[in-house]
Amino acid sequence: MILVGLTGGVATGKSTVAKMFERCGALVIDADALAHQVVEPGKPAWRAIIKTFGTAVLNPDRTLNRQALGAVVFRNRSKLRRLEQIIHPRVAREQARLTRQAARKDPNAVVIYDVPLLYEAGIDKRVDRVIVVTADRETQITRLNKRNGFTRAEAIRRIRSQMPIKQKAAAADYLLDGTTPRPRLLTLVKRLYRELHTLA
């Protein structure tokens with residue numbers, strides 16, 4: 001089995017690439033989906049978030065209001081770190097459990113761990129290979145505007161809250177350009193999947 005970290009900057013096309021790997025036969029573990037699960041109402045991480053940030057970050061149904069929480073943490077680095085300290089260890093435990101399960105099912109599995117903050121959270125040390133999906137800043141800003149309705153200033157702030165894409169790219173084992181036309185990108189993903197499968 002091979003565990004591959006998949007990362008990039010916000011709106012670089014990482015999720016598109018993850019779906020393509022899934023189509024090729026890889027097991028994709030989505031860190032964002034795990035992060036949603038660990039903060040469900042009543043769970044320990046949810047309680048820790050309420051204790052730290054107050055009930056203003058809750059929706060009327062007691063679920064987390066991710067936009068309200070995002071507005072608090074993306075303006076304040078120490079609050080962002082605190083949130084990460086609550087969520088990351090729990091996500092890491094769940095990812096490890098799912099990876100073990102995949103290895104038992106298929107000893108030659110290619111497991112793609114789709115995680116936005118791979119380098120920031122030190123997860124690159126826990127994976128066998130790293131793929132970084134890149135895009136130029138203007139593409140990121142346009143996509144964030146279209147997808148999230150962000151203003152240019154909000155988009156730039158969100159991009160700057162992450163490690164610079166150039167730094168991530170320099171540390172990667174493989175690079176994929178998220179602005180590549182989809183048919184060509186799928187071809188590149190298929191080729192990379194075959195190569196990773198030989199390493200599994």
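In terms of modelled atom types and a separation under 3.5 Å, the side chain of Tyr119 and the main chain of Gln167 share no donor-acceptor contact. Here the side chain of Arg90 pairs no donor or acceptor atom with the backbone of Val38 at under 3.5 angstrom.
Note: the hydrophobic cluster containing Val39 also contains Leu69 (ILVMFWY, side chain heavy atoms under 4.5 Å, direct or indirect links). By the rule that hydrophobic residues join a cluster once side-chain heavy atoms approach within less than 4.5 Å of another member, Phe150 and Val73 end up as members of separate clusters. Under the 4.5 Å side-chain contact rule for hydrophobic residues, Leu199 and Phe21 share a cluster. Each of Tyr193 and Ile29 belongs to its own hydrophobic cluster when Ile, Leu, Val, Met, Phe, Trp and Tyr are linked at side-chain heavy-atom distances under 4.5 angstrom. Taking hydrophobic clusters as Ile, Leu, Val, Met, Phe, Trp and Tyr residues chained together by side-chain heavy-atom distances below 4.5 Å, Met20 does not share a cluster with Tyr113.
None of Asp173, Thr7, Leu196 except one satisfies the side-chain contact (heavy atoms from CB on, under 4.5 Å) rule with Ile131; the exception is Leu196.
Between Leu64 atom CG and Asn59 atom CG the span is 8.0 Å, to the nearest 0.5 Å.
Around the NZ atom of Lys19, the shell of radius 6.0 Å holds no more than 12 heavy atoms that belong to other residues, nucleotides or ligands. Counted within 6.0 Å of CD on Gln67, heavy atoms from surrounding residues, nucleotides or ligands total 12 or fewer; the atom is thus considered open. In this structure, Arg23 places its CZ atom where only 12 or fewer heavy-atom neighbours from other residues, nucleotides or ligands lie under 6.0 Å away.
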**OP:** Might you work through the side chain to side chain contact (heavy atoms under 4.5 Å, CB included) test for Glu154 and Leu144, ending with a clear yes or no?
**Re:** CA-CA 9 Å; Glu154 283 171 327; Leu144 282 169; over 6 Å; no
Original post:
Can Glu40 and Arg62 be said to form a salt bridge (Lys or Arg N to Asp or Glu O under 4.0 Å), step by step?
Top reply: CA-CA 9 Å; Glu40 282 167 1; Arg62 313 285 290 157; over 6 Å; no
Original post:
Given the rule in the salt bridge (Lys or Arg N to Asp or Glu O under 4.0 Å) test, do Arg81 and Glu120 qualify, once you have shown the distances and angles that lead to the verdict?
Top reply: CA-CA 10 Å; Arg81 295 289 161 267; Glu120 293 90 333; over 6 Å; no
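Nearest approach of Ala92 to Arg126, heavy atoms of both residues: CB-NH2, 3.6 Å.
Residues Gln95 and Ile123 have side chains not in contact (no heavy-atom distance under 4.5 Å, counting atoms from C-beta outward).
Residues Glu195 and Tyr174 have side chains that bring a donor and an acceptor to within less than 3.5 angstrom of each other. There is no side-chain donor-acceptor pair under 3.5 Å between Glu138 and Thr142.
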